[in-house]
A.B. asks: 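Sending over a structure as structure tokens; questions will come in a sec.
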Amino acid sequence: MRSRYRLAVYLTGATLARTGDELSGPALLLLGLSVDGSAATGSALLAGLTISAAAGGPLLGALLDRSPRPGRLLAWALLAYAGGLGAVLALVEVPAAITVAVAAGLLNPALAGGWTAQVPNVRGRTPLARASALDAMTFTAASLAGPGLAGFVAAYAGAPAAMAVAITLVTAAVPAAWSLPAVEAKPAKPIRRRLADGFSVLFRNRFLLRATATSTVSFAGIGIAVVCYPLLGAQRLGNPGFGALLLTVLAAASLAANAVLARKPPPPDRTVLATTVLLGASFLLAAAGHDTVTLLAAAVLAGFAEGPQLSSLFAIRHREAPAAVRAQVFTTAASVKITGLAAGAAAAGPLSTLSVTAALCAAAGCQLLAAATYVLVRTSGRTRTPSPARAA
């Protein structure tokens, strides 16, 4: 019962934190639109929140790896992140708000890789594959609830209220993080040495390198698409809130796909490539669609790709990452991927101002580039997988 309780608490806390994070993205975009009516302002706020993740992820992971109570550190990171979102909401001047968003973004990997790295410590008697699948489902559930809440609350109470809900959800996850179990003490190493060990694993293990590089480029395209969805709602469906609800449709399709594939998961490495190509097709369909049915179909197709892609990435990281640097591998890979999202969101502002169709075509082009990255890393022969003894 104790192990089940711990896993249940973990899943509850992860779902709350990730729902707040998923809600904050559309809320920031809608907040930018409410400030000056420009998509560029919203995309700048979202880019500021995510672009600094690559700097914060490796250090946060190294600290989690060396801490005997990683849950306490994770809880403080969540509180600081929620405080940063609150400061963004409170500030009136846009440049100052973007600066605070950049600072808060350093802790963004805590909501993704920081949680997921703790799965082996809380799974109890649950098989790791099942526990990992349940963890991936918290992302999908958050993606399902977050944008829908953002659109609903913003439509009836305004974008600032949507941001307030995001802050509340992240803060509500703090007790679950604080109660995560202690882990065995690890050999003392300087942070610089731990950082070097983690980066070495990521760059020398070709499976981790290929998955990380492919997903980073793919997420740049997803970042463009996320910015475009509220604009699709405004321009083609008559309300920007409907664009956020399209993201909910995407998440529902993602949840359904993962539920079906959880019974017999496909090979994760090949799934990363296949889902990347499928994402590109979905963005092209959205670019061509001007009616509700076509846009809904594009969102469903994107969900069928995004959910299995995430589950496959988790499977590869759990399979390849040594326990001594697991948290750093997860937070670093997550932070690099988040930075790809930020780059896409930053590019989406000026692109979507010119043409939403052109921006979605650029998002599809990123998926093709990601697929090419997968093939090039796989056939380069410049990296190799360490033996189990070397990895240990």
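In this chain, residues are counted from 1 in sequence order.
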A.B. asks: How far apart are the closest heavy atoms of S311 and N258, and which atoms are they?
C.D. replies: OG-OD1, 3.1 Å
A.B. asks: Treating Ile, Leu, Val, Met, Phe, Trp and Tyr as nodes and any side-chain heavy-atom pair under 4.5 angstrom as an edge, say whether L351 and V356 lie in one connected cluster.
C.D. replies: no
A.B. asks: For the CG atom of L279 and the CG atom of L301, what is their distance to the nearest 0.5 Å?
C.D. replies: 8.0 Å
A.B. asks: Are L368 and L284 connected, step by step, through hydrophobic side chains (Ile, Leu, Val, Met, Phe, Trp, Tyr) whose heavy atoms are closer than 4.5 Å?
C.D. replies: no
A.B. asks: Report the distance from atom SG of C366 to atom CD1 of I224, rounding to the nearest 0.5 Å.
C.D. replies: 4.5 Å
A.B. asks: Between T331 and G114, what is the shortest heavy-atom contact and its length?
C.D. replies: CG2-N, 3.5 Å
A.B. asks: Look at D65 together with R326 and state whether they make a salt bridge at an N to O cut-off of under 4.0 Å.
C.D. replies: no
A.B. asks: Check the pair T276 / Q367 against side chain to side chain donor-acceptor pair (under 3.5 Å), numbers first and verdict last.
C.D. replies: CA-CA 6 Å; T276 299; Q367 305 310 313; 4.9 Å; no
A.B. asks: Taking all atoms of both residues into account, what is the closest heavy-atom pair of P70 and L64, and its distance?
C.D. replies: O-CD2, 3.5 Å
A.B. asks: Give the ring-plane orientation class for F152 versus Y156, where under 30° counts as parallel, over 60° as perpendicular and anything between as tilted.
C.D. replies: tilted
A.B. asks: Write down the atom of A82, the atom of V170, and the distance for their closest heavy-atom approach.
C.D. replies: CB-CG1, 4.0 Å
A.B. asks: Taking salt bridge (Lys or Arg N to Asp or Glu O under 4.0 Å) as the criterion, tell me which of R18, R123, R317 meets it with D135.
C.D. replies: R18
A.B. asks: Under a single-linkage definition using a 4.5 Å side-chain heavy-atom cutoff for Ile, Leu, Val, Met, Phe, Trp and Tyr, are I167 and L79 assigned to the same hydrophobic cluster?
C.D. replies: yes
A.B. asks: Is it the case that one hydrophobic cluster holds both L63 and L106, taking links as side-chain heavy atoms less than 4.5 Å apart, direct or via other members?
C.D. replies: no
A.B. asks: From S24 OG over to L89 CG, what is the distance, rounded to the nearest 0.5 angstrom?
C.D. replies: 11.5 Å
A.B. asks: Please report the interatomic distance CG(L73) to CZ(R66), rounded to the nearest 0.5 Å.
C.D. replies: 10.5 Å
A.B. asks: Can you tell me how far apart CG (L11) and CE (M137) are? Round to the nearest 0.5 Å.
C.D. replies: 10.5 Å
A.B. asks: Checking F304 against T275 for the side-chain contact (heavy atoms from CB on, under 4.5 Å) test, could you report, in this order, the C-alpha distance in whole Å, the side-chain angles of both residues, the deciding distance, and whether it holds?
C.D. replies: CA-CA 8 Å; F304 285 166; T275 53; over 6 Å; no
A.B. asks: Return yes if some donor-acceptor pair links the side-chain N/O of S218 with the main-chain N/O of T214 below 3.5 Å, else return no.
C.D. replies: no
A.B. asks: Mind jotting down which residue pairs meet the side-chain hydrogen bond (donor to acceptor under 3.5 Å, both in side chains) criterion with at least one end in residues 291-307? Sequence neighbours excluded, please.
C.D. replies: D291-T294
A.B. asks: Measuring from T168:OG1 to M163:CE, what's the distance to the nearest 0.5 Å?
C.D. replies: 10.5 Å
A.B. asks: Might you point out which heavy atoms bring L23 and A166 nearest each other, and give the distance in Å?
C.D. replies: CD2-CB, 3.7 Å
A.B. asks: Of the non-hydrogen atoms in A117 and P120, which two are nearest, and what is the gap between them?
C.D. replies: O-CD, 3.5 Å
A.B. asks: Please identify each residue that fulfils side chain to side chain contact (heavy atoms under 4.5 Å, CB included) with A172, with sequence neighbours left out.
C.D. replies: L16
A.B. asks: Angle class for the W76/W178 ring planes (parallel below 30°, perpendicular above 60°, tilted otherwise)?
C.D. replies: perpendicular
A.B. asks: For L208 and V201: C-alpha separation, side-chain torsions, deciding distance, then whether side-chain contact (heavy atoms from CB on, under 4.5 Å) applies.
C.D. replies: CA-CA 8 Å; L208 286 173; V201 170; 3.7 Å; yes
A.B. asks: In terms of hydrophobic clustering (I, L, V, M, F, W, Y; side-chain heavy atoms under 4.5 Å; direct or indirect links), are L111 and L310 co-clustered?
C.D. replies: no
A.B. asks: Evaluate side-chain contact (heavy atoms from CB on, under 4.5 Å) for L78 paired with W115, printing each intermediate quantity in order.
C.D. replies: CA-CA 11 Å; L78 292 176; W115 278 98; 3.8 Å; yes
A.B. asks: Could you go through K337 and L313, starting from their C-alpha distance and side-chain angles, then the distance that decides it, and tell me whether this counts as side-chain contact (heavy atoms from CB on, under 4.5 Å)?
C.D. replies: CA-CA 11 Å; K337 193 173 69 169; L313 287 173; 4.0 Å; yes
A.B. asks: Counting C-beta onward and ignoring hydrogens, is there a side-chain heavy-atom pair between D21 and Y81 closer than 4.5 Å?
C.D. replies: yes
A.B. asks: Determine whether a donor-acceptor pair (N or O, by modelled atom type, separation under 3.5 Å) exists between the side chain of T212 and the backbone of L209.
C.D. replies: no
A.B. asks: List the steps and the verdict of salt bridge (charged side-chain N to carboxylate O under 4.0 Å, His left out) for R206 and D269.
C.D. replies: CA-CA 11 Å; R206 71 184 182 93; D269 301 276; over 6 Å; no
A.B. asks: Find out whether V122 and P181 are in side-chain contact, i.e. whether some heavy atom of one side chain is under 4.5 Å from a heavy atom of the other.
C.D. replies: yes
A.B. asks: Kindly indicate whether the side chain of I222, heavy atoms from C-beta on, has any atom under 4.5 Å from the side chain of F283.
C.D. replies: yes
A.B. asks: State, yes or no, whether a side-chain contact exists between T116 and H318 at a heavy-atom distance under 4.5 Å.
C.D. replies: yes
A.B. asks: Hey, is the main chain of L250 close enough, under 3.5 Å, to the side chain of S254 for a donor-acceptor pair?
C.D. replies: no
A.B. asks: Could you tell me which residues satisfy salt bridge (Lys or Arg N to Asp or Glu O under 4.0 Å) with R270, sequence neighbours excluded, listed by chain and number?
C.D. replies: none
